[in-house]
Amino acid sequence: DAGITQSPRYKITETGRQVTLMCHQTWSHSYMFWYRQDLGHGLRLIYYSAAADITDKGEVPDGYVVSRSKTENFPLTLESATRSQTSVYFCASSDPRVRTDSGEKLFFGSGTQLSVL
Amino acid sequence: DAKTTQPPSMDCAEGRAANLPCNHSTISGNEYVYWYRQIHSQGPQYIIHGLKNNETNEMASLIITEDRKSSTLILPHATLRDTAVYYCIVRVAASMEGNEKLTFGTGTRLTIIP
């Protein structure tokens, strides 16, 4: 049961560089999400995807790009990293087709801690 | 999705029941109450959810008031491993056409005291 995995676990980069965070899930869940977590802000949604080739903005999408060419992968790219993007990033997935009494669960990865210097 | 209000922090003695309140006074009829928790540096973990009736699973119980304006998550015999931030979230049920995102607030930081 591999579940949902994120890589790398830790990343240090410099301002202006492009960096890609990877997310892979083995359940064939249709929905995938990217959140960022900063101290005092809880989790904030960056982007989400309902299926392959379908993506949509969340609460804080500026400065990020996503793609979903395959159901199992949902990479998040910071095109030109800024210090304000220093954060912990969580990927999650869910499948509304698999529901018990009409509620779906989100399954989260272990997170990527990104530092932009 | 309706807004939720939770106390920022709570303490509970180990072995006692931990009761975490959540206010969702603007909840609408088709919105569910979800609870997640986040143990330090890990991704959030689903605990339980409900619509109207009280729910119980192996992790916790969820008590929803009759008017559905508030709920309580109960951890019946808290252990040190239950120390975490607990998030109460209200949203409509999933649908293939609907908006699937959950919105997390800042939650309640529960500390279990030995």
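Every chain is numbered from 1 and lettered A, B, ... according to where its sequence line falls, protein lines coming before strand lines.
- Atom CD1 of A:Ile12 sits in a sparse spot, with 12 or fewer heavy atoms from other residues, nucleotides or ligands closer than 6.0 Å.
- Options B:Ser41, B:Pro44, B:Gly107 differ in how many heavy-atom pairs under 4.5 Å they form with chain A, and the most are formed by B:Pro44.
- Each of A:Phe33, A:Tyr35, A:Phe90 was compared with B:Phe104 under the ring pair (Phe, Tyr, Trp, His ring centres under 6.0 Å) criterion, and only A:Tyr35 meets it.
- In the hydrophobic cluster analysis, where Ile, Leu, Val, Met, Phe, Trp and Tyr join through side-chain heavy atoms closer than 4.5 angstrom, A:Leu114 is grouped apart from A:Met22.
- Counting non-hydrogen atoms of neighbouring residues, nucleotides and ligands closer than 6.0 angstrom, the CZ atom of B:Arg16 reaches no more than 12 such neighbours.
- More than 12 heavy atoms of other shown residues, nucleotides or ligands fall within 6.0 angstrom of atom CG in A:Leu117.
- Closest non-hydrogen pair, B:Tyr87 versus A:Leu43, comes out as OH-CD1, 3.6 Å.
- For the atom pair CD of A:Gln37 and OG1 of B:Thr106, the computed distance is 10.5 Å after rounding to the nearest 0.5 Å.
- Counted within 6.0 Å of CZ on B:Arg109, heavy atoms from surrounding residues, nucleotides or ligands total 12 or fewer; the atom is thus considered open.
- Looking at B:Tyr36, its side chain does come within 3.5 Å of a backbone N or O of A:Leu106 through a donor-acceptor pair.
- In this structure, chain B has no heavy atom under 4.5 Å from any part of A:Gln113.
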